[in-house]
Number of protein chains: 2
Amino acid sequence: MNDRASQVIDIAIKMIREGGYHSFSFRQIAAELGIKSASIHYHFPSKEDLGVALMKRYTETFLEYLKQPANQKRPVDFYIQAFQDSLATHERACVCGILAAEAGRLPQPVLDAIADFTEQNIEWLEKALRQQCTDWSEEEVKESALSMFSALEGGITFAALLEQPAHLKQVGDWLKKLCV
Amino acid sequence: MNDRASQVIDIAIKMIREGGYHSFSFRQIAAELGIKSASIHYHFPSKEDLGVALMKRYTETFLEYLKQPANQKRPVDFYIQAFQDSLATHERACVCGILAAEAGRLPQPVLDAIADFTEQNIEWLEKALRQQCTDWSEEEVKESALSMFSALEGGITFAALLEQPAHLKQVGDWLKKLCV
DNA sequence: ATAATTATACCTATCGATAGATAGACGCAG
DNA sequence: CTGCGTCTATCTATCGATAGGTATAATTAT
């Protein structure tokens, strides 16, 4: 992955945060880079290819962020904080949640990449819950991981919509209370 | 609101469920009705007008549904069931959640209509929680209403994405356990 | 009661903008 | 001199929106 391709992905992700998959175009990305749209087709033959590449990078980046040492003690709290940090930085919802909402109009390979992000996040949360809530049953862990992920995705989406980071903070605090 | 305008809204809502605000066009709706796109502009001068009208109808319909007598005993459980019913019927996420994900590219009046749906839902949930969990503090009620709404919106979005209604059911069951 | 007017609901045709995508040429670095 | 990265130029398709016309129904005025 060379620099240019990486720049293209950066801008595409930024644009997806603004309004989803159908809100970024090769022309707009090219314009921002000072090149032509045909040059982007050189790096990513189709929009679908760019969509998949972008989702893979997004997943990698997010999982990499979660590896920070700060998560050692209370990993669930750290995970919740990651959502709040993302909202604070970008003032927008999670790319995965945004794309998930467009499911019916996305190419299958992109859908697969989104599902992969979801799966990996829930797995990470399950591990975190096993570590932080040692007395929980395996069933409790699995159900909670799924539910917490849903709550955070919904929370960040509506916090971004209403331009109220406090909305997500309340959801986060509420979730933290549940794992004592 | 005459028949034709109502039919237009029906189809637009159906198409939004498939892929959001930018996935329905006047032409496609017209084609499905056997008329021309210009005729839809007669009923709704701009796409923004249609978007607002559609969100208002969606909000009304949903709140009307919640008035069913079945909600008397355990209104929170009934609210959760409403999301599962919607997923079972349409096999798609909530129109409000879908549009919320596109926030950055939606006309302000449409955003306002979405925010209105959100606000009314959370208020409904607060009332339901006061009724069902009589020993909760007002702060608990408010935080829980917000969080439950977020969890259900996130849950239905990802359940639709993964084509796994069980995902939403798990979130619902998890939420029900929290209000004993 | 009849004529004139207005409203309704659609039509055809077209606009400018934008989308994703492709073909073929150019310059430059190794 | 080969090939990577970019260019120009263009294609087809679709978008929201508008102008202007038509036929029918309802309303109003004479």
Side-chain angles (χ1 to χ4, degrees), chain A residues 1-55 98-99 101-111 113, chain B residues 1-55 57 98-99 101-111 113-114:
Chain A
M1 178 78 60
N2 61 43
D3 284 355
R4 191 58 104 188
S6 193
Q7 286 177 307
V8 169
I9 289 179
D10 286 338
I11 296 173
I13 287 180
K14 191 186 72 182
M15 287 179 173
I16 284 180
R17 272 197 253 259
E18 293 291 320
Y21 187 80
H22 296 285
S23 86
F24 77 87
S25 72
F26 280 42
R27 276 179 179 78
Q28 283 177 324
I29 295 172
E32 200 153 316
L33 287 171
I35 60 175
K36 298 295 167 182
S37 73
S39 307
I40 301 195
H41 280 283
Y42 169 78
H43 296 281
F44 304 97
S46 74
K47 188 171 183 177
E48 173 183 315
D49 295 319
L50 174 51
V52 170
L54 149 184
M55 235 359 258
I98 291 170
L99 292 179
E102 293 182 273
R105 293 275 299 239
L106 260 30
Q108 191 57 48
V110 177
L111 288 177
Chain B
M1 179 77 61
N2 60 45
D3 285 355
R4 191 58 104 188
S6 192
Q7 286 177 307
V8 169
I9 289 180
D10 286 338
I11 296 173
I13 287 180
K14 191 185 73 183
M15 287 179 174
I16 283 180
R17 271 196 254 261
E18 293 290 320
Y21 187 80
H22 297 286
S23 86
F24 78 87
S25 73
F26 279 42
R27 277 178 179 76
Q28 283 177 324
I29 295 171
E32 200 154 317
L33 287 171
I35 60 175
K36 299 296 168 180
S37 73
S39 307
I40 301 194
H41 280 284
Y42 168 76
H43 296 281
F44 305 97
S46 73
K47 189 171 182 177
E48 173 183 315
D49 294 320
L50 174 51
V52 170
L54 150 184
M55 240 351 265
R57 234 268 296 279
I98 292 171
L99 292 179
E102 292 182 272
R105 294 275 298 237
L106 259 30
Q108 191 57 47
V110 177
L111 289 176
I114 301 169

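Every heavy atom of this structure was used, including side-chain atoms; hydrogens, water molecules and symmetry mates were not.
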What is the distance, to the nearest angstrom, from the [atom1] atom on [X] to the [atom2] atom on [N]?
X        : N      : atom1 : atom2 : value
B/Met15  : D/dT14 : CE    : P     : 13 Å
B/Phe26  : D/dA17 : CZ    : P     : 6 Å
A/Ile29  : D/dT6  : CD1   : P     : 14 Å
A/Ile40  : D/dC7  : CD1   : C1'   : 13 Å
A/Arg105 : C/dA19 : CZ    : P     : 15 Å
A/Arg27  : C/dG20 : CZ    : C1'   : 7 Å
A/His43  : C/dA21 : NE2   : P     : 16 Å
A/Leu106 : C/dG20 : CG    : P     : 13 Å

side-chain N/O [X] vs [N] OP1/OP2, d < 4.0 Å:
X       : N      : value
A/His41 : D/dT6  : no
A/Tyr42 : D/dT6  : no
A/Ser39 : D/dC7  : yes
A/His22 : C/dG20 : no
A/Ser25 : C/dA19 : yes

Gap separating the CD1 atom of B/Ile114 from the CG atom of B/Leu106, nearest 0.5 angstrom
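Here the interatomic distance stands at 5.0 Å.
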
Options D/dC7, C/dC10, D/dG16, nucleotide nearest the side-chain atoms of A/Ile35:
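My answer, after comparing the listed nucleotides, is D/dC7.
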
Picking from D/dT6, D/dG16, C/dT22, which would you name as closest to the side chain of A/Ala38?
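Of D/dT6, D/dG16, C/dT22, C/dT22 is nearest to the side chain of A/Ala38.
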
Which part of the nucleic acid, if any, lies within contact of A/Lys36, taking any heavy atom under 4.0 Å across all strands shown: a base, the sugar-phosphate backbone alone, or nothing?
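Since a base atom lies under 4.0 Å of A/Lys36, the category is base.
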
Taking donor-acceptor contacts at under 3.5 Å, does the side chain of B/Arg4 reach the base of C/dA9?
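There is none.
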
Are the side chain of B/Glu102 and the backbone N or O of B/Tyr21 linked by a donor-acceptor pair below 3.5 Å?
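Yes, the answer is positive, given that a donor and an acceptor are paired below the 3.5 Å cut-off.
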
Please check: side-chain N/O of B/Lys47 versus main-chain N/O of B/Phe24, any donor-acceptor pairing under 3.5 Å?
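It does hold such a pair.
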
With side-chain contact (heavy atoms from CB on, under 4.5 Å) as the test, pick out the partner of A/Leu54 among A/Ile9, A/Asp49, A/Val8, A/Asp10.
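So the option named by the test is A/Ile9.
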
side-chain contact (heavy atoms from CB on, under 4.5 Å) assessment of A/Ile11 paired with A/Gln28
CA-CA 9 Å; A/Ile11 296 173; A/Gln28 283 177 324; over 6 Å; no

